[in-house]
Amino acid sequence: AAKPAKQGVCKVHAVLASKEGDGTIPKNLQFMKEWLTDEPYDRYKSFHLLGEKKVEVALEKPAKAKFKTGHKMKLSLLGGDEKKLKLHLDLTYRDGEKSLVAMDYSIEDNGLFFVQGGEHKSGEVTGRIFWAIQCARS
């Protein structure tokens, strides 16, 4: 049995999903293909990585990440048991100030958690932005 969680590492991917494209999932997002080809993401025809961050989380020490889109994220490890991590997520809108999401959640160690962020445009691509958060105890 795993020890209760006291610290971990999280990988966060900011992704733009568009209804225009040929349905190909790029190599840098293949690790989430199972989710991108299922509801509700199967309605999108292309996926574009807008940024990725790796942050270390520990009890009582929130990790911060800022994305080139302007969004700011704070992840805090609240604990966990031998199978799941309990985290707190704070995510702002593009202005970096107004709260988009503030929530606690539990997920299996190394599981993927998706957070929607609404309409977004990057260059010529318009679609919906979301974040894929994957955390594992360290």
Side-chain angles (χ1 to χ4, degrees):
K3 296 178 185 175
K6 292 186 180 173
Q7 59 187 28
V9 176
C10 299
K11 292 182 270 181
V12 182
H13 294 80
V15 179
L16 182 62
S18 176
K19 291 188 177 180
E20 297 178 18
D22 63 7
T24 303
I25 296 172
K27 286 182 183 179
N28 58 4
L29 298 176
Q30 282 292 317
F31 71 96
M32 61 175 93
K33 181 179 181 177
E34 178 183 337
W35 291 272
L36 299 181
T37 55
D38 200 3
E39 290 182 27
Y41 300 100
D42 61 343
R43 66 178 161 223
Y44 298 104
K45 301 297 180 211
S46 66
F47 299 93
H48 309 270
L49 181 63
L50 298 179
E52 59 184 304
K53 303 284 182 180
K54 184 177 177 182
V55 296
E56 294 184 16
V57 293
L59 292 173
E60 310 295 324
K61 293 182 183 177
K64 296 179 183 179
K66 184 177 179 182
F67 294 89
K68 64 182 179 182
T69 60
H71 297 89
K72 293 179 184 175
M73 180 179 286
K74 189 165 48 171
L75 271 171
S76 304
L77 180 63
L78 302 177
D81 58 25
E82 53 279 335
K83 292 184 180 180
K84 292 189 175 188
L85 299 174
K86 185 171 183 181
L87 299 143
H88 179 79
L89 169 67
D90 285 303
L91 179 64
T92 70
Y93 282 94
R94 292 183 73 173
D95 64 8
E97 300 296 325
K98 188 177 171 193
S99 179
L100 176 66
V101 175
M103 64 180 289
D104 292 345
Y105 69 98
S106 292
I107 190 163
E108 283 190 20
D109 203 1
N110 215 29
L112 267 175
F113 183 70
F114 291 81
V115 179
Q116 298 284 337
E119 293 295 316
H120 186 79
K121 183 171 182 172
S122 178
E124 298 297 314
V125 181
T126 301
R128 296 192 68 84
I129 190 171
F130 69 89
W131 288 265
I133 305 168
Q134 187 175 31
C135 299
R137 68 189 74 229
S138 58

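Treat the numbers as computed from the prediction; the structure is a model and nothing was measured. Only heavy atoms go into these numbers, but all of them, side chains included; no hydrogens, no water, no symmetry mates. Here, residue 1 is the first one in the sequence, and each next residue gets the next number.
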What pairs of residues pass the salt bridge (Lys or Arg N to Asp or Glu O under 4.0 Å) test when at least one of them lies in [range], not counting sequence neighbours?
range: residues 90-101; value: none
range: residues 11-21; value: none
range: residues 64-79; value: none

Sequence neighbours excluded, every pair satisfying disulfide (SG to SG under 2.5 Å) that has a member inside [range]:
range: residues 41-84; result: none
range: residues 84-138; result: C10-C135
range: residues 25-114; result: none
range: residues 58-103; result: none

Residues forming a side chain to side chain contact (heavy atoms under 4.5 Å, CB included) with E119, sequence neighbours excluded:
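For E119, the residues satisfying side chain to side chain contact (heavy atoms under 4.5 Å, CB included) (neighbours in sequence not counted) are T126, R128.
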Gap between atom [atom2] of [Y] and atom [atom1] of [X] - 0.5 Å precision:
X: L100; Y: I129; atom1: CG; atom2: CD1; value: 9.5 Å
X: R137; Y: E82; atom1: CZ; atom2: CD; value: 8.0 Å
X: L91; Y: Q116; atom1: CG; atom2: CD; value: 11.5 Å

Give a yes or no on whether L78 and M103 share a hydrophobic cluster (residues Ile, Leu, Val, Met, Phe, Trp, Tyr; joining criterion: side-chain heavy atoms under 4.5 Å apart).
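No; tracing contacts between hydrophobic side chains, which count when under 4.5 Å, never links both residues.
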Following the transitive rule for hydrophobic clusters with a side-chain heavy-atom cut-off under 4.5 Å over Ile, Leu, Val, Met, Phe, Trp and Tyr, establish whether I107 and V115 coincide in one cluster.
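In one cluster with I107: V115, yes.
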What pair of heavy atoms forms the shortest contact from [X] to [Y], and how long is it?
X: A5; Y: L59; value: O-CD1, 4.1 Å
X: T92; Y: G70; value: OG1-O, 4.2 Å
X: A65; Y: V55; value: CB-CG1, 4.2 Å
X: A102; Y: H88; value: C-CE1, 4.2 Å

Would you say [X] and [Y] make side-chain contact, with heavy atoms under 4.5 Å?
X: L75; Y: L89; result: yes
X: F67; Y: V12; result: yes
X: H120; Y: L50; result: yes
X: K83; Y: D109; result: no

Count the heavy atoms belonging to other residues, nucleotides or ligands that lie under 6.0 Å from CD of E124, then report whether that count exceeds 12.
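12 or below, so no.
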List for me each residue that meets ring-ring contact (aromatic ring centres under 6.0 Å, His included) alongside H71, sequence neighbours excluded, and say none if there are none.
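Only W131 meet the ring-ring contact (aromatic ring centres under 6.0 Å, His included) criterion with H71.
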ring-ring contact (aromatic ring centres under 6.0 Å, His included) partners for Y93, two or more places apart:
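In terms of ring-ring contact (aromatic ring centres under 6.0 Å, His included), with neighbours along the sequence ignored, Y93 is linked to no residue.
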Verdict with supporting geometry, H48 and S46, side-chain hydrogen bond (donor to acceptor under 3.5 Å, both in side chains):
CA-CA 7 Å; H48 309 270; S46 66; 3.0 Å; yes
Residues in side-chain hydrogen bond (donor to acceptor under 3.5 Å, both in side chains) contact with T24, at least two apart in sequence or another chain:
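Scan of T24 (side-chain hydrogen bond (donor to acceptor under 3.5 Å, both in side chains), adjacent residues dropped) gives D22.
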Linking Ile, Leu, Val, Met, Phe, Trp and Tyr through side-chain heavy atoms less than 4.5 Å apart, which residues share a cluster with F47?
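Once heavy-atom contacts under 4.5 Å are chained together, F47 belongs with V15, I25, L29, F31, M32, W35, L36, Y41, Y44, L49, L112, F114, F130.
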